[in-house]
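Report on the structure given below.
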Amino acid sequence: MSGGPGTRLDAATVPRLKAHVRLQFNAARNQWIVQAPERVLMPDDIAVSVLQRCDGQASIATIAAGLAREYDAPAEAVESDVLEMLQDLAEKGIIDDARA
């Protein structure tokens with residue numbers, strides 16, 4: 001999977017930021033940003049928690065299970081939300097599947 005339109009993620013996907021994308025803390029704005037060519041995204045705190053776990057090692061199911069424990073939330077709901085968020089980012093060319 002290369003990311004982009006038509007890429008379908010699932011619980012076994014191992015997400016990572018694409019090589020040209022960086023997650024970094026902007027001290028001047030006191031917030032996290034995702035920098036990509038010609039694009040800057042400002043994720044909320046929960047999105048940052050997800051993106052920090054997109055290390056090319058953990059599957060979406062593993063990421064969601066960890067977040068469910070951390071936030072004491074239902075695992076199925078967290079996995080659905082994480083999958084939806086990462087699907088959107090894959091379609092925007094921000095993440096891809098490390099298994100590809």
Side-chain angles (χ1 to χ4, degrees):
M1 278 183 216
S2 61
T7 300
R8 298 304 311 163
L9 306 182
D10 59 36
T13 299
V14 179
R16 66 176 172 200
L17 295 174
K18 286 191 152 190
H20 62 275
V21 177
R22 289 184 296 157
L23 174 66
Q24 66 183 42
F25 188 74
N26 181 323
R29 292 184 180 198
N30 195 35
Q31 74 181 110
W32 286 92
I33 61 171
V34 175
Q35 285 190 305
E38 301 181 29
R39 174 179 288 184
V40 175
L41 305 175
M42 291 175 243
D44 64 22
D45 291 341
I46 293 173
V48 169
S49 291
V50 173
L51 290 168
Q52 288 174 328
R53 290 168 169 84
C54 292
D55 58 4
Q57 306 275 326
S59 68
I60 290 176
T62 301
I63 291 168
L67 290 166
R69 282 190 302 275
E70 184 176 327
Y71 291 99
D72 193 26
E76 300 80 22
V78 172
E79 185 172 307
S80 176
D81 290 347
V82 168
L83 191 54
E84 182 179 341
M85 183 194 103
L86 293 177
Q87 181 66 53
D88 181 56
L89 291 175
E91 291 170 3
K92 290 177 178 171
I94 302 295
I95 66 155
D96 64 6
D97 189 340
R99 301 172 303 168

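Below, each value reflects all heavy atoms present in this structure, side chains not excepted, and no hydrogens, waters or symmetry copies.
For the atom pair Leu86 CG and Leu51 CG, the distance stands at 7.0 Å (nearest 0.5 Å). Rounding to the nearest 0.5 Å gives a distance of 14.0 Å between CZ of Arg39 and CD1 of Ile33. Taking CD1 of Ile63 as the reference point, atom OG1 of Thr13 lies at 9.5 Å (rounded to 0.5 Å). Atom CG of Leu89 and atom CG of Asp96 lie 12.0 Å apart (nearest 0.5 Å). The distance from the CG atom of Asp10 to the CG atom of Asp97 is 8.0 Å, given to the nearest 0.5 Å.
Of all the heavy atoms in Ala58 and Pro15, the pair that sits closest is O-CD, 3.3 Å. Taking every heavy atom of both residues into account, Arg22 and Leu17 meet most closely at C-CD1, 4.4 Å. Shortest non-hydrogen contact noted between Ala75 and Ala68 is CA-CB, 3.8 Å.
A side chain to side chain contact (heavy atoms under 4.5 Å, CB included) with Leu41 is found for one member of Ile94, Val21, Leu23 and no other, namely Ile94.
Residues meeting the side-chain contact (heavy atoms from CB on, under 4.5 Å) test with Ala77, sequence neighbours left out: Pro74. For Ala11, the side-chain contact (heavy atoms from CB on, under 4.5 Å) partners two or more places apart in sequence, or in a different chain, are Ala61, Glu79. Among residues two or more places apart in sequence or in another chain, the side-chain contact (heavy atoms from CB on, under 4.5 Å) test is passed with Leu83 by Leu9, Ile60. For the side-chain contact (heavy atoms from CB on, under 4.5 Å) test, residues two or more places apart in sequence or in another chain that qualify with Pro37 are His20.
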Worked check of side-chain contact (heavy atoms from CB on, under 4.5 Å) between Arg8 and Gln87: CA-CA 7 Å; Arg8 298 304 311 163; Gln87 181 66 53; 3.6 Å; yes

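For residues 69-78, the pairs satisfying side chain to side chain donor-acceptor pair (under 3.5 Å) are Ser49-Tyr71, Arg53-Glu70, with sequence neighbours left out. For residues 22-47, the set of pairs meeting the ring pair (Phe, Tyr, Trp, His ring centres under 6.0 Å) definition, not counting sequence neighbours, comprises Phe25-Trp32.
Around the CG atom of Asp45, the shell of radius 6.0 Å holds no more than 12 heavy atoms that belong to other residues, nucleotides or ligands. The environment of CD in Glu84 is sparse: at most 12 heavy-atom neighbours from other residues, nucleotides or ligands sit within 6.0 Å.
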